[in-house]
> 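Provided herewith is a single structure, encoded as structure tokens, for subsequent inquiry.
The basis for the numbers below is simple: all heavy atoms, side chains too, and nothing from hydrogens, waters or symmetry mates. Here is the naming used below: chain letters follow the sequence lines, and residue numbers restart at 1 for every chain. Every value quoted in this text rests on a predicted model; they were computed, and no experiment measured them.
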Amino acid sequence: MKTKLPVTIAFLTGIFMAFAYFVERDNVAWVRILYEELNQNNIVLAVFVLFLGVGTLLIRHAKKIRDRNSDSIYSWVVIVSTLAVAYIGLFQTTGESIGANENFQWIFNNFQVPLSATMFSLLAFFVASAAYRAFRARNTEATLLLIAAAIVMIGRVPIGAVISDGLNLTGSFSLPAIAEWILDIPNTAAKRAITIGIGLGMTATAIKIIFGIERTYMGSGK
Amino acid sequence: MNIWDKLSSIDRRWIFLAMAIFVSWPVLKPLGLPVTTTKEVESLYSFIDEIEDKKPIILALDYGPSTAPELTPMAKAVIRHAISKGIPVVGVSLAPDAPGVANDIWKWAQEELGAVPGEDIAYLGYKAGTTNVILQMGQGISKAFPKDYYGNSTDDLPIMEGFQSLKDASLVLGLEATAIMDLWIQYAGDQMGVPVAGGMTAVSAPEAYVFYQSGQIVGLMGGMKGGAEYELLVGAPGNAVQGMDAQSLGHIVIIVFIIFGNLGFFLGKKGQDVSRLKSLRGDQK
């Protein structure tokens, strides 16, 4: 029963959703109603996933504090900030509107924005350092990658046009035009191949789940 | 250690310093490098410019503060364009850290453009469930978002008159830092037949070119450059145009250090050792 029930639910739901995708749902009432119900249930499940994520985060950090881990100060920061923001969002919100809660926006603007901006802006420095160390023209493939990357990096910013003018590279031979060509042709060809491959892989996996061949989503069963 | 060896082993703190100087300098003293427009951005601009029935544009703000410098200029430029044409803009978010960013943009639109909330613009907030939220918006906007971010009943907003479902939108513009763009294309575009366009971070944008070529998106803004192009097209240069000088010099710094690294590698002792090893292997074969 522990195996048969989930496999049966997966089979029926999978077959129905695939069927509903190809049917003119507005003309077939039962398909539309069932489809909308399943959709709504999925959104409810997504909310539970958020709870699961927050719960797991808190439990993990509570364990670190209990074990007197040397980094437990950071766990305190995580727990206190999570609970403080949740408290403000849940209990200090006037009416039913989170958008009207100025405390919430204040925390966002004064904590999350500068912290995220700092983390992301460090990328510029680390990308420069990593590119300097790793981007070596060791073989033909690496050389091609290096040349393409350099052209796209220069061609996609205004200085690319200035350099092209300086070198008298015009029309299709200007750096912006070559960068556009790289993005339009080789990049698109590779991306299309990868996308089609992923699509086929997803279809195969979905079929395996629907027909109960792939059951790892149920866990080990212990 | 000769000069070539030194070039291949520069202390990374010098790289950080060079990057800091060359990125800060044009911010303090703009160079005014010319920004040219690309066909992907021009086609998005033309599409919005030619919307005649004044049906709302859905602006999907699916990004947080880390990518805001790249994507917020796009949002502001498109809102400016739409409001100037009398096209309402309805914002939604499928990323949990987006509402804080969107809230600031909506305030800006009211203060800077004089947009009337509920009539010219509306922000419906964040909802978990990505794919399912898009599908539910197809069944009814107020079904997915019964209230807007500010607590007003969605159905009571004047902007929602005649705008019952996602299918009634004139365009879905996804401003994305993640793979949510694919979902808007698959479900809003391919399944519901709504025109879709994208504004993506520079690292994600190359993935969307395939959809532009196939006609699945009507336009594409890539990175800060895409935002700068749109700002120029609407005739209101802003943060993205200002940022292009810094980005240009930042890229130059990276390229210069890559060249240094390669010169050091090939002309220095280490590179010559590798070449010698390769030729020895060739002899053995």
> Select, from Thr130(B), Ile10(B), Thr67(B), Ile255(B), the one with the greatest count of heavy-atom pairs under 4.5 Å involving chain A.
Ile10(B)
> Quick check on the interface: out of Met224(B), Lys127(B), Met244(B), who has the most heavy-atom pairs with chain A under 4.5 Å?
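Top count of heavy-atom pairs under 4.5 Å with chain A: Met244(B).
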> Could you give the distance from CZ (Phe126(A)) to CD1 (Ile15(B)), rounded to the nearest 0.5 Å?
11.5 Å
> Looking at chain A, which one of Ala208(B), Gly250(B), Gly100(B) has the largest number of heavy-atom pairs inside 4.5 Å, strictly under?
Gly100(B)
> I'd like to know which of Pro65(B), Gly223(B), Pro34(B) tops the heavy-atom pair count under 4.5 Å against chain A.
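Greatest number of close heavy-atom pairs with chain A: Pro65(B).
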> Is it the backbone or the side chain of Leu17(B) that comes under 4.5 Å from a heavy atom of chain A, or both, or neither?
neither
> Rounded to the nearest 0.5 Å, what separates atom CG in Leu31(B) from atom CD1 in Ile159(A)?
7.0 Å
> Select one option (side chain, backbone, both, neither) describing which atoms of Leu33(B) are under 4.5 Å from chain A's heavy atoms.
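It is both, since atoms from each part get that close.
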> Contact part of Val101(B) toward chain A, heavy-atom cut-off under 4.5 Å: side chain, backbone, both or neither?
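Val101(B) touches chain A through backbone and side-chain heavy atoms alike.
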> With a 4.5 angstrom heavy-atom cut-off, is it the side chain or the backbone of Ala20(B) that approaches chain A, or both, or neither?
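Both parts, backbone and side chain.
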> Counting only heavy atoms not in Tyr209(B) (residues, nucleotides, ligands), do more than 12 fall under 6.0 Å from its OH?
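Atom OH in Tyr209(B) is crowded, with more than 12 foreign heavy atoms closer than 6.0 Å.
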> Determine all donor-acceptor pairs shorter than 3.5 Å in which one atom belongs to a side chain in residues 6-21 of chain A; sequence neighbours excluded.
from: Thr8(A); atom 1: OG1; to: Lys4(A); atom 2: O; distance (Å): 2.5
from: Thr13(A); atom 1: OG1; to: Ile9(A); atom 2: O; distance (Å): 2.6

> Considering non-hydrogen atoms only, spot the tightest contact between Arg12(B) and Ser129(A) and give its length.
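Heavy atoms only, the tightest pair is CB-OG, 3.6 Å.
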> At a 4.5 Å cut-off on heavy atoms, which part of Val253(B) comes close to chain A: side chain, backbone, both, or neither?
neither
> Spell out the residues in residues 31-44 of chain A that have some non-hydrogen atom less than 4.5 Å away from a non-hydrogen atom of chain B, in order of number; otherwise answer 'none'.
Tyr35(A), Glu36(A), Asn39(A), Gln40(A), Asn42(A), Ile43(A)
> Side chain from CB out, backbone as N, CA, C, O: work out which of these in Tyr132(A) comes under 4.5 Å of a heavy atom of chain B, or both, or neither.
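Both parts, backbone and side chain.
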> Under the 6.0 Å and 45° cation-pi test, does Arg138(A) pair with Phe265(B)?
yes
> If you take all heavy atoms of Asn262(B) and Ala137(A), which pair is closest and at what distance?
OD1-N, 2.8 Å
> Does any part of the side chain of Gln112(A), heavy atoms only, come nearer than 4.5 Å to the side chain of Asp97(B), both counted from C-beta?
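Of all side-chain heavy-atom pairs linking Gln112(A) with Asp97(B), at least one is under 4.5 Å.
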> Looking only at heavy atoms and a cut-off of under 4.5 Å, which of Leu45(A), Asn109(A), Val47(A) has the most pairs with chain B?
Asn109(A)
> Heavy-atom pairs under 4.5 Å with chain B are the metric here; pick the option from Ala46(A), Ala134(A), Ser116(A) that has the most.
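When all of Ala46(A), Ala134(A), Ser116(A) are compared, Ser116(A) has the most.
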> Hey, which residues of residues 141-153 of chain A are touching chain B, say heavy atoms under 4.5 Å apart?
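Expected list: Leu146(A), Ala150(A), Met153(A).
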> Determine all donor-acceptor pairs shorter than 3.5 Å in which one atom belongs to a side chain in residues 177-200 of chain A; sequence neighbours excluded.
from: Glu180(A); atom 1: OE2; to: Arg156(A); atom 2: NH1; distance (Å): 3.4
from: Asp184(A); atom 1: OD2; to: Lys39(B); atom 2: NZ; distance (Å): 2.7
from: Asn187(A); atom 1: ND2; to: Leu183(A); atom 2: O; distance (Å): 2.9
from: Asn187(A); atom 1: ND2; to: Pro206(B); atom 2: O; distance (Å): 3.0
from: Thr188(A); atom 1: OG1; to: Leu183(A); atom 2: O; distance (Å): 3.0
from: Thr188(A); atom 1: OG1; to: Asp184(A); atom 2: O; distance (Å): 2.7
from: Thr195(A); atom 1: OG1; to: Lys191(A); atom 2: O; distance (Å): 2.7

> How long is the span from the CG atom in Asp104(B) to the CD atom in Gln105(A), to the nearest 0.5 Å?
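Reported value, rounded in 0.5 Å steps: 5.0 Å.
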> Can you confirm whether or not the ring centre of Phe135(A) sits under 6.0 Å from the ring centre of Phe257(B)?
no
> So which part of Val162(A) gets closer than 4.5 Å to some heavy atom of chain B, the side chain, the backbone, both or neither?
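For Val162(A), the side chain is the part near chain B, not the backbone.
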> Could you look at Asn152(B) and say if it's the side chain, the backbone, both or neither that has a heavy atom under 4.5 Å from chain A?
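Neither part.
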> Testing the basics here: between Val157(A) and Ser248(B), what is the closest heavy-atom pair and its distance to 0.1 Å?
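Smallest heavy-atom distance, with atoms named: CB-OG, 3.5 Å.
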> Between Pro69(B) and Phe120(A), is any pair of side-chain heavy atoms under 4.5 Å apart?
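Of all side-chain heavy-atom pairs linking Phe120(A) with Pro69(B), none is under 4.5 Å.
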> Might you confirm whether atom OH of Tyr217(A) has over 12 heavy atoms from other residues, nucleotides or ligands at distances under 6.0 Å?
yes
> Specify which of Asn103(B), Ile259(B), Val133(B), Thr131(B) makes the most heavy-atom pairs with chain A at under 4.5 Å.
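Among Asn103(B), Ile259(B), Val133(B), Thr131(B), the one with the most close pairs to chain A is Asn103(B).
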> Report, as yes or no, whether the 6.0 Å neighbourhood of atom CG on Asn27(A) holds more than 12 heavy atoms from other residues, nucleotides or ligands.
yes
> So how far is it from Leu115(A) CG to Ser66(B) OG, rounded to the nearest 0.5 Å?
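Nearest 0.5 Å value for the CG-OG distance: 11.5 Å.
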> Would you mind telling me which of Val256(B), Ile254(B), Asp245(B) has the largest number of heavy-atom pairs within less than 4.5 Å of chain A?
Ile254(B)
> Kindly give the heavy-atom pair with the smallest separation between Met19(B) and Ala128(A), and that separation in Å.
CE-CB, 3.6 Å
> With only heavy atoms counted, which part of Thr38(B) is less than 4.5 Å from chain A, the side chain, the backbone, both or neither?
side chain
